[in-house]
Each structure stands twice: as structure tokens, then as C-alpha cells.
Amino acid sequence: PAGATPAGGSAGVAPHLVQRDGRHALMVDGAPFLILGAQVHNSSNYPQALDKVWPAVKDIQANTLEVPISWEQVEPVEGRFDFSFVDTLVREARQNKVRLVLLWFGTWKNTSPQYTPAWVKLDNRRFPRMVDQQGKNSYCLSPFGEHTLAADKKAFVAFMSHLKKIDEQQRTVIMVQVQNEVGTFGLVRDFGPKAQAAFEREVPAAVLARKKPPVPGAASGAWRVVYGDYADEYFHAWAIASYIEQIARAGRAVYDLPMVVNNALRDPLEPIAPWKSNFASGGPTYDVIDIYKAAAPSIDIVGPDIYHPESAKVSAHLGQFQRPDNALFVPELGNAAPYARYVYQILGRGAIGVAPFGIDYFDYANFPLGAKSSDKAMVEPFARIYAAFAPMQRQWARWAFEGRTYGVAKGDDLRDQTVAMKGWKAQVSFDQWMFGEREWPGNAKEQPPHAKQPNGGVAIAQIADDEFVLVGQFARVRLDDAEGSGRAQLVSAEQGRFDERGRWVMERRWNGDQVDWGLNFTGNPVVLKVKMGRY
Ligand code: N0T
């Protein structure tokens with residue numbers, strides 16, 4: 001908590017990532033920071049538009065806002081830069097007491113060049129598109145376009161220099177995303193002459209050292225020789241990652257902020273197979289994170305954009321992107337109500353943060369990926385959870401970094417889940433009345449109104465050997481010792497919150513009916529501090 005003003009203000013200490021024992025923290029003002037984020041819709045990046053952004057940010061109670069900065073907007077005429085929107089955004093973010101993650105929409109935004117300036121879009125000679133085996137242009141700009149890379153890099157460096165000038169003292173901007181959901185739809189890689197020549201050269205040693213072929217290939221050689229049927233996709237990933245690396249490295253050389261890329265995910269459960277055009281080839285999908293790590297060391301994090309509502313897929317995505325060499329950060333999460341429960345799972349797993357996508361009050365909704373409307377009802381399920389985490393956000397980030405946190409979300413199968421902790425376990429169950437057992441005659445006959453809804457979630461921090469902080473909704477938690485000795489005793493359960501100085505403030509003790517049937521969380525998330533013992 002010390003020195004951690006919400007909108008910045010601690011001069012000198014640059015935000016940065018730290019790693020210890022395979023866990024990660026985003027350090028902001030010198031201490032672990034939890035991104036309770038929100039991302040605006042794609043076209044809300046203009047000064048006037050922010051009037052429809054801030055009310056939604058306030059309602060959702062985010063501490064960090066993700067906003068695109070587009071190449072076409074900052075360099076409409078080649079060589080003439082206009083950062084007035086960046087100025088307005090940073091100023092208003094400070095007034096609204098939120099931090100910023102800025103998204104550089106340049107050469108690729110969801111793979112397309114739609115956010116490049118017109119002088120790039122319309123000059124295929126200078127800024128070449130990828131070509132297929134027949135020499136036909138793809139819509140997608142080639143990662144082998146030297147002039148494209150030079151021009152994007154120049155604009156990005158100008159942007160980062162400007163940020164340094166206006167924000168180095170305050171650090172309102174805590175992270176930068178380079179491009180958005182890169183890759184190519186409909187074409188596995190570039191077949192242009194430059195690309196083809198590179199494809200026929202040896203796989204770089206840095207890639208070989210990290211990326212093993214899924215089916216045994218040669219230990220070294222050209223891409224096809226080493227990676228067989230996977231060679232085209234892997235090569236494209238390497239080409240795009242190398243391009244991004246040059247941009248990110250040049251940007252960090254002028255102003256060193258953490259940098260991330262995001263991914264439009266491939267199916268996490270489908271057996272891994274050579275590319276068959278059901279995802280963007282060359283994007284940082286889970287199977288090529290190693291190639292991105294090898295080719296783009298200036299990128300700290302590859303983050304999953306989660307738009308699969310199924311609980312099994314969400315769990316798989318989180319497992320694939322949370323790695324000792326890759327902090328878990330969810331830059332986008334669908335903003336429909338069923339996604340809200342995953343915030344418990346994500347933050348409980350020790351993510352540095354999460355951001356539902358499409359948080360503003362413009363009359364646009366990205367259903368079926370997200371909610372059907374952009375209004376108060378859309379932000380509300382997230383707001384309740386953020387409100388519960390907000391007072392303890394700094395503690396939570398520290399506990400996560402120390403490996404003390406756990407999280408679950410109700411599965412689509414509605415089944416109980418067990419959380420194994422140090423010396424203790426928690427059994428989490430759903431769809432029950434607050435009183436009594438599930439199978440009681442009255443209870444069995446009538447289900448509570450929240451039953452069978454995708455809504456339950458719990459996050460737990462084991463803050464000492466026998467002490468826990470729990471936050472949750474629509475769930476019942478029973479704590480027991482790991483061995484199930486039959487001697488576990490609930491010593492106390494306090495409902496309350498942490499104050500600005502990090503001290504626990506008790507509101508009331510739960511006892512009697514409120515603990516006899518487990519700890520029952522309802523639709524209003526609350527925070528409990530629980531002590532356990534043994535008799
Ligand atoms: C996201 C957003 C925005 C299961 C979609 C998701 C954002 C971009 N793209 O509203 O465009 O800028 O990063 C693509 C999801 C593909 C469909 C997945 C089906």
C-alpha cells in the first residue's frame with residue numbers, strides 16, 4: 001500500500017515484471033500490482049469518445065483501463081505526428097484515478113492493416129502484402145516488408161518518446177501492448193521471394209533451443225526438415241515475432257515499459273495438428289509461445305484473449321498461458337455475465353490481471369463474443385467482484401506472487417471442486433440454499449434461483465499457515481485439513497475488509513447458522529477472514 005496512489009505519482013520507479021520460483025508480479029510504484037482492468041471498444045480512442053468511457057470505468061470499478069492508440073491517428077501524414085489524444089487520455093486517466101495499458105494498433109490489428117494510415121494501406125509496392133503460392137496478394141501485410149517495419153517502428157518510437165515526456169514522472173501508463181491479435185487468416189505463411197528464401201535457410205539456433213518439433217524431426221536444418229508439416233506455421237510465427245521484437249526493442253530503448261502481445265486463441269482442447277485455417281497462423285497461440293520467447297525477448301508476456309465461454313476451455317487456456325517464463329495476464333475477457341466468475345479463477349491462479357473487453361457506453365455490443373448491450377447491466381457482474389477485490393488489491397498481488405492464492409469458477413458440469421492448499425483443503429460446491437444440506441427433503445425439492453446458472457466463483461488466499469482470506473459468490477466453501485483427520489475446527493470467520501493502510505476491519509463475525517453449513521457466498525461478494533485449528 002505505501003506510496004501506491006491509484007493514478008500514479010511515484011516518480012522514478014518504472015513499472016516492471018519480476019519472476020521468482022516461476023511466479024510473477026507486475027511491480028508498480030515498487031510493489032506488486034493487480035490489474036482490475038477494463039478494455040474499451042475498438043473505436044473509443046478519440047478525445048470526445050472518452051465521455052462515454054469514464055462512466056463505465058467508474059461503474060465497473062476498474063483500476064486500469066486498456067485503450068488503443070492507432071498508427072493512423074498519430075501519423076495521418078507521414079512524418080507528422082499528433083499525440084493529442086494520448087495527452088487527453090493520460091490527463092483524464094489521472095483525473096479518474098486509473099492506470100493505463102496502451103495498445104499499439106499498427107501493422108496488424110486482428111491480423112488486418114485497418115489501423116495503418118492511408119499512406120500505408122494504399123501503397124502495396126512500398127508496404128507489401130503477403131502472397132500465396134500462386135503469387136496472389138493476401139489482405140495481410142507481410143512481416144518481410146522492410147519499409148513497413150521501418151515505418152511502424154518509427155511511429156512506435158515516436159509514441160514511446162512522447163509517453164516518456166509526459167508520463168515518466170507519474171507512471172500512469174504501466175504497460176504497452178504491441179499490435180493486436182497478430183497472425184494471418186486463410187494463409188499459413190508468406191510465400192513471397194524474401195519469405196521463401198528465409199524459409200529455406202536454417203532454423204535460427206535460438207528457436208531450435210526452445211521449440212522442439214511435435215513429431216520428431218532433424219535436430220537442425222531448414223524449417224521443413226526440422227518441423228515437418230508444422231514448419232509453415234512455425235516459420236510464420238517466427239517471422240511475425242521477429243518483426244514485433246524490432247518494434248518493441250526500439251520502443252523500450254527510448255522508454256522502458258513492460259510489453260505484451262495478445263492472442264486470438266486456437267481451440268485449447270483439440271489435439272495439436274498442423275495448421276488447417278481454423279485460427280490465425282503465426283499468432284502467439286499456446287503451441288508457439290516458445291517461438292515468441294525465442295524471437296521476441298523484448299515482449300514480457302503473451303496473453304490469452306478469452307472468448308470461449310466453456311469452463312473446460314477457459315481452464316485449459318489458463319493452464320497453457322501460465323508458465324514459469326510467461327506471467328498470466330488476460331488482456332481480454334468476454335464481457336457477458338457468465339465470464340465474470342472466471343475473474344475468481346484467474347486472480348486466484350495468480351494472474352497479474354484481467355480485463356473484460358468492451359467496457360464503455362457506446363451503442364455497440366460484440367455479442368455473441370460478449371454481452372448483448374453496453375450499459376450498466378453489462379458492467380454490473382464484474383463491478384461486484386472488482387469492488388470486493390479493490391480494497392485488498394495490493395495485498396492480493398503480493399499473496400499471488402508468494403504463491404498463496406487459489407481460485408475456482410463453477411464448472412459447466414456444476415460439480416464440486418477441491419482446492420488443495422498447504423496443510424488444508426477447501427471443498428467448493430454450488431447451487432445450494434444457504435441452510436442445510438443439498439439432499440434435505442425441502443432443499444432437494446426446490447432449487448435456489450441461482451442454481452444451474454454460470455455464476456459461482458471463489459478465490460482464496462492462505463495468508464498464514466492456519467489463516468485464510470476468502471472472496472466469492474454463489475458458492476459454499478468447507479475448509480478441512482488436508483488429511484481429513486476429522487479434527488479440524490473453525491476457530492473464527494470474520495466478514496470485513498482491508499482499509500487503505502492494509503489493516504483488517506471487521507464488520508461482523510459469522511457464527512451459528514452462518515457457519516454450520518459451510519461458508520455460503522451469495523450474489524453479493526463478501527470478503528471473509530477465517531482462522532482454522534484442530535482439536
Ligand atoms: C478481439 C475483440 C476485438 C470463439 C473482438 C476477438 C479486440 C480483439 N477479437 O470484439 O476486436 O480488439 O482483440 C476475436 C475472437 C474470434 C472468435 C472466437 C470464437
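Read the numbers this way: they start at 1 and go in the same order the structure lists the ligands and their atoms. Treat the numbers as computed from the prediction; the structure is a model and nothing was measured.
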- [ ] Determine whether the aromatic ring centres of Tyr286 and His317 lie less than 6.0 Å apart.
- [x]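 So the answer is no for these two rings.
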TODO: Could you give me the CA-CA distance, side-chain angles and deciding distance for Tyr227 and Glu233, then say whether side-chain hydrogen bond (donor to acceptor under 3.5 Å, both in side chains) is met?
DONE: CA-CA 10 Å; Tyr227 296 120; Glu233 182 209 338; over 6 Å; no
Task: Any N/O pair Tyr307/ligand 1 closer than 3.5 Å - done: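 No.
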- [ ] Show which atoms of ligand 1 fall inside a sub-4.0 Å distance from at least one heavy-atom site of Asn180.
- [x]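 Within the 4.0 Å cut-off of Asn180, ligand 1 contributes 8 (C), 12 (O), 13 (O).
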TODO: Cation-pi check, Arg23 to Phe401: give yes when NZ or CZ is under 6.0 Å from the six-membered ring centre and within 45° of the ring axis, no otherwise.
DONE: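 Judged by the rule (NZ or CZ under 6.0 Å from the ring centre, within 45° of its axis), Arg23 is not positioned above Phe401.
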Open item on the list: Looking only at distances, can you tell me whether any N or O atom of Gln39, backbone or side chain, sits closer than 3.5 Å to an N or O atom of ligand 1?
Closed with: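 No, there is no polar N/O contact under 3.5 Å.
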Open item on the list: Could you work out, for atom 12 (O) of ligand 1, the closest of His41, Glu66, Lys109, Arg266 by heavy-atom distance?
Closed with: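 That would be Lys109.
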- [ ] State whether any protein heavy atom lies less than 4.0 Å from atom 5 (C) of ligand 1.
- [x]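 True for atom 5 (C) of ligand 1.
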TODO: Heavy-atom contacts with His308 under 4.0 Å: which atoms of ligand 1 show up? List them by number with element.
DONE: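 With His308 as reference, the close atoms of ligand 1 come out as 4 (C).
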Open item on the list: In this structure, is the centre-to-centre distance between the rings of Trp396 and Phe389 below 6.0 Å?
Closed with: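 Distance test on ring centres: under 6.0 Å, yes.
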Task: Aromatic ring proximity, centroids under 6.0 angstrom, Trp71 and Phe105 - done: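 No, the ring centres sit 6.0 Å or more apart.
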Task: Region of Asp305 that comes within reach of ligand 1 [heavy atoms, distance under 4.0 Å] - done: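 It is the side chain that gets close, since no backbone atom is under 4.0 Å.
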